[in-house]
Amino acid sequence: MPHAAGRRRLRTAVRAVVLAAAAAGTAALLGGCTEAGAPKSAGHAAPVTGPVALWPGSKPAPATPPQTGGEEKPKPLTALPRVPSADIRKVSVGSVLLAQIDLDKRNDQAVFEKDEERKIRACADKPGSASCPIRAPEYHDLTGDGKDELIIGVRSGSNLLIMYAYTLRNGVVTSILDSTSSPQLVEVADHKLVIHEPGDAPGFESRTVYVWDPRHHVMTIQDVGYGRRAPSATIPSGR
């Protein structure tokens, strides 16, 4: 029957065209649109891997005990007279430093060489002068009680700075910090004392942050960091 055969051939041809069109559409969807500006596949993403411990069988290093920084406990300078006004600015800076030196020597903890001590004693009443290793005193609230503490810095050797901080406790001048560093910058921010020192690599610095510990009544190390030096971290003049 020639008409039935023709109809079968026609249906077969139509199915072939439909399948071909469907296949082309699927390929277009999988391959993405090729129009200008359309997103294109970046290919397969690299697999994400979790952390892998190196040398898992090795013995870990012992934990480092927490740093207390400066003084472990406040040290009153009992050789000095009491300050009835509760204003540490009324105290002679030179007398405080000399009392500290004498206390350290009595405890066999002398900080300065004999020549340095002679220079300090010779200019104790002129801190901040050009030839004196004692820097001009600084007064800042370190404890957060609204009253200033006394901060004394003394140059030692070629680039060291010996730094002390004092507060008044019941009228007695009391040491709450001693620190030795080679700072590029020392600053007080939000009652914290921050020491910036040069890093091992150019443009980097280490930062040590001291904060008031109300339980032990001393300044303790809150943080030690290392990073790029801020543009404002310039070397001070030393006075």
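The only option from Arg229, Glu187, Arg207 that meets the side chain to side chain donor-acceptor pair (under 3.5 Å) definition with His196 turns out to be Glu187. Screening Thr174, Val188, Thr167 against Glu149 for a side-chain contact (heavy atoms from CB on, under 4.5 Å) leaves a single residue, Thr167. A side chain to side chain donor-acceptor pair (under 3.5 Å) with Glu117 is found for one member of Lys119, Arg121, Lys114 and no other, namely Arg121.
Counting all heavy atoms, side chain and backbone alike, Leu80 lies closest to Ser95 at CD2-O, 3.6 Å. Looking at every heavy atom in both residues, Leu77 comes nearest to Gln100 through CD2-OE1, 4.0 Å. When all heavy atoms of Ala86 and Leu168 are compared, the closest pair comes out as C-CD1, 3.5 Å. Between Pro183 and Ile195 the shortest heavy-atom distance is CB-CG2, 3.9 Å. Across all non-hydrogen atoms, the minimal contact from Cys123 to Pro133 is SG-CD, 3.6 Å. Minimum interatomic distance between Tyr210 and Ser179 (heavy atoms only, all atoms of both residues): OH-OG, 3.5 Å.
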Check your understanding: Does the pair Ile151 and Tyr139 meet the rule for a side-chain contact (heavy atoms from CB on, under 4.5 Å), with working shown?
Key -> CA-CA 6 Å; Ile151 303 172; Tyr139 298 93; over 6 Å; no
Check your understanding: Between Leu150 and Val91, is a side-chain contact (heavy atoms from CB on, under 4.5 Å) present by the stated rule, with each step listed?
Key -> CA-CA 9 Å; Leu150 167 64; Val91 181; 5.6 Å; no
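Hydrophobic cluster membership differs between Val209 and Val186, with clusters built from Ile, Leu, Val, Met, Phe, Trp and Tyr side chains linked at under 4.5 angstrom. Hydrophobic clustering (side-chain heavy atoms under 4.5 Å, transitive across Ile, Leu, Val, Met, Phe, Trp, Tyr) groups Val96 together with Leu103. Hydrophobic clustering (ILVMFWY, side-chain heavy atoms < 4.5 Å, transitive): Leu98 and Val172 are in distinct clusters. Val211 and Val224 are not part of a single hydrophobic cluster, where members link through side-chain heavy atoms under 4.5 Å apart. Val194 and Tyr226 fall into different hydrophobic clusters, where Ile, Leu, Val, Met, Phe, Trp and Tyr residues are linked whenever their side-chain heavy atoms come under 4.5 Å apart, directly or through other members.
Atom CG of Asp190 sits about 10.0 Å away from atom CG of Asp141, to the nearest 0.5 Å. Considering CH2 of Trp212 and CG of Leu177, their distance stands at 10.5 Å, rounded to 0.5 Å. A distance of 5.5 Å separates CD1 in Ile101 from CZ in Phe112, rounded to the nearest 0.5 Å. Atom CE of Met219 is separated from atom CG of Leu193 by 5.5 Å, given to the nearest 0.5 angstrom. Taken to the nearest 0.5 Å, the CG atom of Asp213 stands 15.0 Å off from the NZ atom of Lys73. Between the OG atom in Ser181 and the CE atom in Met163 there is a gap of 5.0 Å [rounded to 0.5 Å].
When the side chain to side chain donor-acceptor pair (under 3.5 Å) test is applied to Lys126, no partner is found at least two apart in sequence or on another chain.
Using a 4.5 Å heavy-atom threshold, the side chains of Arg135 and Leu161 count as touching. Under the 4.5 Å side-chain criterion, counting only non-hydrogen atoms from C-beta, Ile152 is in contact with Ile134. Between Pro76 and Arg169, the closest side-chain pair of non-hydrogen atoms is not below 4.5 Å.
At a cut-off of 3.5 Å, with distance as the only test, no side-chain donor of Thr208 or Glu197 sits close to an acceptor on the other residue.
Heavy atoms of other residues, nucleotides or ligands lying less than 6.0 angstrom from CG of Asn170 number 12 at most.
Within the 3.5 Å criterion, the main-chain N or O of Lys147 finds a donor-acceptor partner in the side chain of Asp145. In this structure, Asp104 contributes its side chain and Arg106 its backbone to no donor-acceptor pair below 3.5 Å.
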